[in-house]
Amino acid sequence: MSEHAPERTLYDHRSAEPRWQAEWTARACFRADDVPPPGQPKYYVLEMFPYPSGSIHVGHVRNYTLGDVVARYKRARGFAVLHPMGWDAFGLPAENAALERGLHPAEWTRANIATMRSALQRLGFSHDWSREVATCDPAYYGQQQRLFLTFWQAGLVARRETWVNWDPVDNTVLANEQVIDGHGWRSGAPVEKRLLAQWGMRITDYAPQLLEALDDLPRWPERVRTMQARWIGRSEGARVRFELEHAAAGLDEIPDFIEVFTTRPDTLFGLSFIAVAAEHPLAAHAAAASPEAARFVAECRAMGTSEAAIASAEKRGFDTGLRVRHPFDPARTAPVWIANFVLMEYGTGAIFGCPAHDQRDLDFARTYGLPILPVVARPDGDASVQADAYTGPGTLVNSAFLDGLDPDQAKRAAIDRLEAAGQGQGVVNWRLRDWGISRQRYWGCPIPVIHCATCGPVPVPDGQLPVILPEDVTFDRPGNPLDRHPTWKHVACPTCGSPATRETDTFDTFVDSSWYFARFCSPHSAQPFDRAATDGWMPVDQYIGGVEHAILHLLYARFFTRALHDQGRIGVAEPFAGLFTQGMVTHESYRAEDGAWLSPNEVERQDDGTLRARGTGAPITVGRGEKMSKSKRNTVDPGAIVDQYGADTARWFVLSDNPPERDIEWTEAGVAGAHRFLQRVWRLVLSTTDGTADPMPLRRATARTIAGVTEALETFAFNVAIARLHELASAITDAERGGVPLAARREALLTMARLMAPLAPHLAEEVHATLDTASDQLIAQLPWPEADPALLVVDTVTIAVQVMGKLRGTIQLPPGAAQPAALAAAEAEPNVARALEGLALEGRRIVKRIHVPDRIVNFVVA
RNA sequence: GCGGGCGUGGUGAAAUUGGUAGACACGCCAGAUUUAGGUUCUGGUGGCGCAAGCCGUGGGGGUUCAAGUCCCUCCGCCCGCACCA
């Protein structure tokens, strides 16, 4: 056996990683107090907690690695760090698993949590596991019920008959935010509209605040802020009452007027028609009176929102026969239509149509031959109606008292007149809807309400909380098993004592994730959270997760925090001071000739570089990198990567090459490359060659690396941090070859280990323990290295010399060299001199000499 | 349609924020050591050119001594929202 057996030169992650993980736990390195120590700055790092689906995927690895780099770095920088982890554990997949596999959702969820917890722990993340919470635990959701009741008291909860989005596959209501393109966000089934009594949160009360405060979140991505702003959707306009002519006397209980919302009250004289949504009460009246109207309304509803994209091409309507009077000219009337392009959920569910100045109205008017009256002339005076509706600036015409005004003036004048006449008022309209939180599902937090025939809905008294989800339920039929439970829902009314029933709906799981960040501050509190703990830790300094939560989760969490703030229960109005949205992890997809998707481990690279099916050698088609998905089978199991290469390799790879906000493509070559580099570091550690060369250049390189890595970590440029560490490794390799003493190289390696520690913590500890046998501390306990300023001082700088802006050479000068010296050296540079001579021969001479100290010299020749 | 973002070698990218474009890595080429290696190490690698040099950050134009970076304009790609009155 040779002296350098291969096993001895390889870093063995299989033994090192569990050893260091155990050591961190034993020393409680990542334990945080419920209140950060006084005098020490705090830093709360939070990654969006996972749904316990059963296994971690590489997206999780990336998400938690990013958070862990920040947590470990901030800890080393002297911050008291809170870095918790828990489980967003309620939700539909657990019920589906129950149906498919006969497992109870609780059992399935708990097993998944156990698996995923150990998978995460194997990656060496510095989470404080003593603060772990699961939203399906009564200790958590009981506090959530308490929060709900305080929200109710604060007037933020409403029970209303509302048109809801009904998912016919999942048998539940969906929030607007959960309807994607007319389909359920989870089931993908076309969403229907149903009228149901629902619990809702009055998030619209907070629309102005939620919008304005976006400006105070500079550490949020622009993209997310604009998405939220558009979702909240503020628009200024007017509500206008149109009195109905009661000509159609056959209709019972027709209201006296229709109210519309418009952003263009200036164009009221262009009125051509009124259009109401199919769900509008007036449409119901019309349907009651006329079979044709009923048929049209039914058609619209059947179409639902699912065909919205297709329907957008075709505007369809039905004339109810009703007419309204013009608010400014009672002699003028216009017809009332039911139209498929009017949305019940925006504004008042009714519009006034001004075809000349609104494209949709124009399309509709042309389809049904309705009048088109221009009321805004273009700046050149042309008021004619062209192919497209005119929405630009101009002057009002055909508009009585508004004539001659510009649209902005006319809006104000029209609103003034409406208000004076009691026919409308200027309003701000919001796109944001109230948040429906009832779900007809079992596996969620029970809504703590009792329905009494005499008292109505009654809150469950605090002493009876939590309302525990019963576990003895069956899933043999569709619908909510809580409804069918023999005893659970039957209770006495807390107010009058008469027989009553529990609410059997459960909360939307987005409620669960709207306050977990506060719970993490004091996870064992007998209240939702302790004020001292949230005062100490909130807000979250750095929140990290996928951009798919840009609207739903982040908006609800902001709403909850604001509401709690206004109730005096929490000290911050915004939960997340900094938000980072990471890119996806993608992978090539592979398809066999018959079109079947192949997983990466069913594919093999041939000697000629082509990819073929493993075993059969059949040719395959390689698709571009795209989001990993089970259907395309292009997923990679992080567990297998950790087994083969170790946690540090997986972490290093997801941080390498790409900036974290961008998508990365997972490649076997990239993983192998990360692993090679870590092994290379280990070989440097094992080197025993000694020498007597000057160690100063290596020391300077190390100091520069400290500065470079620090800056990179501060700016989330983790790929750049890795590049800097590669450079230091090369410098140490060069030093070894150049005979730099072993002790100096080991000093550099010890610094390198500390710089690497946030990214590859296990190897870092191994290096540290190997080279500094005197230390009884772990890197996890040590402060961040400081660069000696003296070592950052350079004795020469390279200055570029340009002639007419083109690079002609470089010169070496001491830093801070004065202009005369710099110019002289520049002119003396042979290549520069030659260029200048050549120009002089053409009779051209230097007219200007630019000198930027330590940067550049530029000779400008006329 | 509206909003946001992006466009740099064969590939992923970097660029002190207006000052030497391509750091670092993958890949590729050549060599060394091994030679069972998908090992390790060294050198090379934007394009054209023998060279001096010229060209080069999606295209065009502008500002400037100097532009990947700022301004105008066009093209292309990605993401989000979308009959929002």
Side-chain angles (χ1 to χ4, degrees), chain A residues 6 9-10 180-181 221-227 229-231 233 235 237 260-264 267 275 277 305 308-309 311-315 339-343 345-354 357-361 363-364 429-431 547-548 550-551 583-584 605 607 609 625 656-659 661-665 667-670 672-674 676-677 679-680 683 707-708 711-712 717 719-727 729-730 733 737 798-810 831 834-835 846-861:
Chain A
T9 63
L10 276 177
I180 315 291
D181 238 353
E222 183 69 32
R223 183 158 70 120
V224 174
R225 282 184 289 160
T226 53
M227 280 165 74
R230 288 168 68 86
W231 188 264
S235 65
V260 307
F261 172 75
T262 177
T263 56
R264 295 298 303 272
T267 63
T305 43
S312 70
E314 196 192 352
K315 305 255 180 300
N340 66 344
F341 68 95
V342 180
L343 306 173
E345 51 278 357
Y346 186 79
T348 62
I351 62 161
F352 93 85
C354 175
H357 306 292
D358 182 286
Q359 191 58 45
R360 291 173 311 252
D361 297 349
D363 296 342
F364 189 74
N429 193 62
W430 301 89
R431 205 190 84 113
V547 74
E548 66 273 18
I551 294 174
M584 294 184 305
R605 191 166 290 278
D607 292 339
S656 300
D657 294 339
N658 273 41
E661 66 275 15
R662 229 173 282 184
D663 291 352
I664 49 169
E665 172 139 347
T667 64
E668 188 65 23
R676 265 203 308 279
F677 176 74
Q679 293 295 353
R680 182 181 167 205
R683 283 196 303 276
E711 194 200 335
N719 54 328
V720 180
I722 283 179
R724 297 286 98 87
L725 289 164
H726 275 283
E727 287 168 346
S730 296
T733 305
R737 195 162 312 122
T798 305
I799 296 177
V801 183
Q802 299 179 338
V803 177
M804 294 297 285
K806 282 192 198 297
L807 184 71
R808 292 298 170 207
T810 58
N831 211 33
R834 195 146 43 83
I846 298 170
V847 294
K848 203 166 176 186
R849 294 171 171 83
I850 309 284
H851 172 235
V852 180
D854 297 348
R855 283 278 157 75
I856 205 158
V857 169
N858 190 8
F859 295 106
V860 185
V861 178

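Each chain gets a letter, A, B and so on, in the order the sequences are listed, and its residues count up from 1. What's counted below: heavy atoms across the whole structure, side chains too, no hydrogens, waters or symmetry copies.
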Between the protein and nucleotides 60-66 of chain B, list every N/O to N/O distance that falls short of 3.5 Å.
unit_1  : atom_1 : unit_2    : atom_2 : d
rC65(B) : O2'    : Asn858(A) : ND2    : 3.1
rC65(B) : O2     : Asn858(A) : ND2    : 2.8

Contact list (N/O, under 3.5 angstrom) for nucleotides 37-40 of chain B vs protein:
unit_1  : atom_1 : unit_2    : atom_2 : d
rU40(B) : O3'    : Arg683(A) : NH2    : 3.1

Roughly how many Å apart are [M] and [N], using the [atom1] atom of each and rounding to a whole number?
N	M	atom1	answer
rG56(B)	rU20(B)	C1'	15 Å
rG62(B)	rU57(B)	P	15 Å
rA21(B)	rC26(B)	P	25 Å
rC70(B)	rG5(B)	P	12 Å
rG59(B)	rC75(B)	P	15 Å
rG47(B)	rU63(B)	C1'	29 Å
rA14(B)	rC83(B)	P	37 Å
rG43(B)	rA36(B)	C1'	27 Å

Exercise. Test side-chain contact (heavy atoms from CB on, under 4.5 Å) on Val861(A) and Met804(A) and set out the steps.
Key: CA-CA 6 Å; Val861(A) 178; Met804(A) 294 297 285; 3.8 Å; yes
Quiz item: Mapping Thr733(A) and Leu807(A) to their closest nucleotides on RNA chain B, which lands nearer the 5' end?
Solution: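 Nearer the 5' end of the strand: Leu807(A).
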Exercise. Between Gly673(A) and Met227(A), name the one whose nearest nucleotide on RNA chain B is closer to the 5' end.
Key: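 Looking at the nearest nucleotide for each, Gly673(A) comes out on the 5' side.
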Can you tell me how far [atom2] of [N] sits from [atom1] of [X], to the nearest Å?
X	N	atom1	atom2	result
Arg834(A)	rA52(B)	CZ	C1'	7 Å
Ile799(A)	rU20(B)	CD1	P	12 Å
Arg808(A)	rA52(B)	CZ	P	12 Å
Ile722(A)	rC26(B)	CD1	C1'	14 Å
Glu661(A)	rC6(B)	CD	P	10 Å
Leu725(A)	rC24(B)	CG	P	13 Å
Leu343(A)	rA85(B)	CG	P	10 Å
Lys806(A)	rG19(B)	NZ	P	18 Å

Quiz prompt | Tyr346(A): ring-ring contact (aromatic ring centres under 6.0 Å, His included) partners, not counting sequence neighbours | solution =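 Partners of Tyr346(A) under the ring-ring contact (aromatic ring centres under 6.0 Å, His included) test: none.
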Remember a base hit wins even if backbone is also touched, and classify [X] as base, sugar-phosphate or nothing at under 4.0 Å, heavy atoms.
X	result
Arg737(A)	sugar-phosphate
Val342(A)	base
Thr262(A)	sugar-phosphate
Thr798(A)	base

Self-check item: Partners meeting side-chain hydrogen bond (donor to acceptor under 3.5 Å, both in side chains) with Thr263(A) (sequence neighbours left out)
Solution: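 Thr263(A): no side-chain hydrogen bond (donor to acceptor under 3.5 Å, both in side chains) contacts found.
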Quiz prompt | Set of side chain to side chain contact (heavy atoms under 4.5 Å, CB included) partners for Asn719(A), sequence neighbours left out | solution =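 Only Pro659(A), Ala717(A) meet the side chain to side chain contact (heavy atoms under 4.5 Å, CB included) criterion with Asn719(A).
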Quiz prompt | For Ala674(A), side chain to side chain contact (heavy atoms under 4.5 Å, CB included) partners two or more places apart | solution =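 By the side chain to side chain contact (heavy atoms under 4.5 Å, CB included) rule, Ala674(A) matches Thr649(A), Trp652(A), Phe653(A).
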Which pairs, protein N/O on one side and nucleotides 2-5 of chain B N/O on the other, fall under 3.5 Å?
unit_1 : atom_1 : unit_2    : atom_2 : d
rC2(B) : O2'    : Arg230(A) : NH1    : 3.4
rC2(B) : O2     : Arg230(A) : NH2    : 2.8
rG3(B) : O4'    : Arg230(A) : NH1    : 3.0

How far does [atom1] of [X] sit from [atom2] of [Y], to the nearest 0.5 angstrom?
X	Y	atom1	atom2	value
Asn429(A)	Thr348(A)	CG	OG1	8.5 Å
Leu725(A)	Glu727(A)	CG	CD	9.0 Å
Asn831(A)	Thr810(A)	CG	OG1	10.0 Å

By salt bridge (Lys or Arg N to Asp or Glu O under 4.0 Å), which residues pair with [X], not counting sequence neighbours?
X	result
Arg849(A)	Glu827(A)
Arg264(A)	Asp266(A)
Arg225(A)	Glu222(A)

Quiz item: How is the base pairing of RNA chain B summarised as a dot-bracket string, given the Watson-Crick and G-U wobble criteria with both distances under 3.5 Å, [ ] for crossing and | for another strand?
Solution: (((((((..(((......[....)))((((((.......))))))(((....)))..(((((..]....))))))))))))....
Practice problem: Classify the glycosidic conformation of rG9(B) as syn or anti, calling it syn when the angle lies within 90° of 0. | Solution: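 rG9(B): syn glycosidic orientation.
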Quiz item: Is the base of rU17(B) syn or anti, where syn means the angle lies within 90° of 0?
Solution: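 With its glycosidic angle within 90° of zero, rU17(B) counts as syn.
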Quiz item: Counting heavy atoms not belonging to Glu711(A), are there more than 12 under 6.0 Å from its CD?
Solution: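 No, not enclosed.
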Quiz item: Nearest heavy-atom pair of Cys354(A) and Asp361(A): which atoms, and what distance?
Solution: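 For Cys354(A) versus Asp361(A), the nearest heavy atoms are N-OD2, 2.9 Å.
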Practice problem: Might you point out which heavy atoms bring Ala275(A) and Val342(A) nearest each other, and give the distance in Å? | Solution: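 Taking every non-hydrogen atom into account, CB-CG2, 3.8 Å.
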Quiz prompt | Heavy-atom check, side chain of Phe261(A) versus side chain of Ser235(A), under 4.5 Å | solution =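 Yes. Closest side-chain heavy atoms under 4.5 Å.
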Quiz item: Is there a side-chain contact between Arg808(A) and Val801(A), using heavy atoms and a 4.5 Å cut-off?
Solution: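 Arg808(A) vs Val801(A): side chains apart.
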Quiz item: When you measure from the side chain of His726(A), which nucleotide among rC83(B), rA25(B), rG53(B) comes out closest?
Solution: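 My answer, after comparing the listed nucleotides, is rA25(B).
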Quiz prompt | Closest nucleotide among rC83(B), rA85(B), rA82(B) to the Trp231(A) side chain | solution =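 Ranking rC83(B), rA85(B), rA82(B) by closest atom to the Trp231(A) side chain puts rA82(B) first.
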Exercise. Kindly indicate whether a cation-pi arrangement holds for Lys315(A) with Phe364(A), taking the cut-offs as under 6.0 Å to the six-membered ring centre and within 45° of the axis.
Key: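 Output no; distance or angle outside limits.
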Exercise. Give a yes or no on whether the backbone of Gly353(A) and the side-chain of Asp358(A) come within a donor-acceptor separation of less than 3.5 Å.
Key: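 Here the side-chain-to-backbone pair does not exist.
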Heteroatom pairs (N/O) under 3.5 angstrom, protein to nucleotides 7-17 of chain B:
unit_1  : atom_1 : unit_2    : atom_2 : d
rG12(B) : O3'    : Asn658(A) : OD1    : 3.4
rG12(B) : O2'    : Asn658(A) : OD1    : 2.0
rG12(B) : N2     : Asp657(A) : OD1    : 3.2
rA13(B) : OP1    : Asn658(A) : ND2    : 3.3
rA14(B) : OP1    : Asn719(A) : ND2    : 3.3
rU16(B) : O2     : Arg855(A) : NH2    : 3.0

